[in-house]
Amino acid sequence: MIDPKLLRQSADDVAANLARRGFEFDVDEWRAHEEIRKSAQMQTEALRAERNSSARKVGAAKARGEDVAGLLASVKDLGDQLQAAEEQLQKAQFALQSIELGLPNLLLDDVPDGFDESANCEVLKWGTPRTFEFETRDHVDIGAGLGLLDFDAASRISGSRFAVLHGPLARLQRALIQFMLDVHTAEHGYSETYVPYLVQSQALMGTGQLPKFGADLFKTDNETPFYLIPTAEVPVTNLLRDTIVEADVLPLKYVAHTPCFRSEAGSYGKDTRGMIRQHQFEKVELVQLVAATESSDALEALTGHAEVILQRLELPYRKVILCAGDIGFGSSKTYDLEVWLPGQNAYREISSCSNYRDFQSRRMGARWRNPESGKPELLHTLNGSGVAAGRALVAVMENYQQADGSISVPAALQPYMAGQKSIRKN
RNA sequence: GGAGAGGUGGCAGAGUGGUCGAAUGUACCUGACUCGAAAUCAGGAGUACCGUUACCGGUACCGUGGGUUCGAAUCCCACCCUCUCCGCCA
């Protein structure tokens, strides 16, 4: 959510910033609701003050044993007036809230202009894609050739966009997850966290998936429904919901491995082959909660932590900064890491690292107490994949494939595979 | 799933219709005493919003949402959560 004070002060500047994303903020409509809200609030509070003081007078008079009939008559209409004012206020607040919850975050100045991914700016290229002296295959063929990756069975069980892994391939994914968790906890100072995979709507409201993007989520049919988390960002960031922490606990750095569930509504026909885009995938997520002054540096550091994983796995990647039209709803600035996939002859997203600044923390009331002012201030929240395990598995399979159909195990993962150096048929 | 108890400020814990945003204790901050600290004494201190912005005034918040009332932490209804016992289960 954008700071309502900033909105009142300079709605036009906000609209100009959001327009860079291609988002149209109807300032006049918002302003009309805001004016009604303001007058309704002042009126409501004045009427309440009147009610409160007259109620006190009635009480005092009764305590003295005086007749209160006159007093009661004088406040006869107050209730109706108050009720009308409250209803008007409530309506205006609801209208404002639904507008404000639908506004994306303000972009930082260094986010490049552009409408889609073609305008994203490459800031770094790491590693050199390997040259193969044989015809490369994609992970689907490699996995099928080894008999370790089965989409047919998955579709019999659950339909499309699911995968079944067997044996050493399943273990390789587990090895990737373990490796990532170990690096982030031991070397990057993150605290390992286990969190619920089912959350309620207010958590998703806090991180910004709701109210706008409910169609992307799986939802249970309980009376108060649960949602399956689309990313660990949701439960982990919400750890700080409605709390005020002391300065000495900052920065808070969490790492969590969770499965992620996405309905992928509207992505029909996109990435239908293989396990690039699944309803269920594994991800190791990095989340930081920091003081406002620290978030810019924290984004660079967090992105670097994800990069280390790709570097240790010796997977070529590039780092891009997302342009105004491609960046996510709640982010003020995002770096994507794209890993080289020989099977697609392309770089594909494997991590997305974003600085949400106070956008999420305002929605969920995540604050810290600034010792300088003694006052609670909103935290800045950041998160990034460190990295997506399913796609990392694809990247390892394709980059480490051998002419005989086997897969070499990256050196960094061998300790997690009981020293196994290669995955081959039988 | 069944039975019972309970949700009040950082914590503990009073408060069953009228200056209760809320006693008291404790933790916290400031000052006094002290060489310093402890102890003691005095004072301060919740969160958010609105108006004024020197000071200050107002509103809301006692699990959540409704209701009754001139007036609700207190009464009524629904829901949520926690704890104990039983059942079931990993």
Quickly work out the A:E86 CD to B:G65 C1' distance and round it to whole Å. 15 Å
Select base, sugar-phosphate, or nothing to describe what A:K57 touches, counting heavy atoms under 4.0 Å on all strands. nothing
Taking B:C55 as the reference, what is the distance to B:A60 when you measure between their C1' atoms (whole Å, please)? 24 Å
By the salt bridge (charged side-chain N to carboxylate O under 4.0 Å, His left out) test, which pairs, at least two apart or in different chains, include something from residues 185-195 of chain A? A:E187-A:R312
Residues A:K283, A:E285: salt bridge by 4.0 Å N-O rule: yes
Measure the distance from CD on A:Q43 to P on B:U59 and round it to the nearest whole Å. 15 Å
Answer with base, sugar-phosphate or nothing: what part of the nucleic acid does A:R369 contact at a heavy-atom distance below 4.0 Å? sugar-phosphate
Contact summary for A:S263 and A:L217, nearest pair of heavy atoms: OG-N, 3.9 Å
To the nearest 0.5 angstrom, please state how far the CD1 atom of A:I142 sits from the CG atom of A:L149. 10.0 Å
Rounded distance (Å) that lies between atom P of B:C49 and atom CZ of A:R48: 16 Å
Distance below 4.0 Å between A:R51 side-chain N/O and B:U69 OP1 or OP2: no
Could you tell me how far apart A:Q90 (CD) and B:G65 (P) are, to the nearest whole angstrom? 11 Å
Output, in order, the C-alpha distance, side-chain angles, deciding distance and verdict of salt bridge (Lys or Arg N to Asp or Glu O under 4.0 Å) for A:R273 and A:D138. CA-CA 10 Å; A:R273 182 175 165 83; A:D138 76 356; 2.6 Å; yes
On a whole-Å scale, what distance lies between the C1' atoms belonging to B:U84 and B:C79? 22 Å
Go through the side-chain N and O atoms of A:H257 and A:E282 and say whether any donor and acceptor fall under 3.5 Å apart. yes
Rounded to whole Å, please give me the gap between CZ in A:R56 and C1' in B:U59. 12 Å
Taking the C1' atom in each of B:A73 and B:G13, what is the distance between them to the nearest angstrom? 14 Å
Suppose you measure atom P in B:G7 against the same atom in B:G66; what distance do you get, rounded to whole Å? 22 Å
Length of the CD1-C1' vector between A:I244 and B:C11, whole Å: 15 Å
With rounding to the closest Å, how many angstrom separate the P atoms on B:C41 and B:A27? 12 Å
Pick the closest RNA chain B nucleotide for A:Q83 and for A:E45 by heavy atoms, then say which residue is nearer the 5' end. A:E45
Using Watson-Crick pairs (N1 to N3, plus N6-O4 or O6-N4) and G-U wobble pairs, both distances under 3.5 Å, which stems of at least 3 pairs involve RNA chain B? B:1-7 with B:80-86, B:10-12 with B:24-26, B:28-32 with B:40-44, B:46-51 with B:56-61, B:63-67 with B:75-79
Select from A:A55 and A:P376 the residue whose nearest nucleotide in RNA chain B is closer to the 5' end of that strand. A:A55
Minimum heavy-atom separation for A:H380 to A:D358, with atom names? CD2-N, 3.6 Å
P atoms of B:A39 and B:C49, separation to the nearest Å: 37 Å
Whole-angstrom distance between B:G10 and B:U19, as gauged at atom P: 23 Å
Under-4.0 Å side-chain N/O to phosphate OP1/OP2 contact, A:K62 with B:G71: no
Distance alone, cut at 3.5 Å: any donor-acceptor contact between the side chains of A:N105 and A:S332? no
Distance between the C1' atoms of B:C85 and B:G67, in whole angstroms? 35 Å
Would you say a side-chain N or O of A:N52 is under 4.0 Å from OP1 or OP2 of B:U59? yes
Euclidean distance, atom CE of residue A:M42 to atom C1' of B:C50 [Å, nearest integer]: 8 Å
For A:Q41 and B:U52, what is the distance between atoms CD and P respectively, to the nearest whole Å? 13 Å
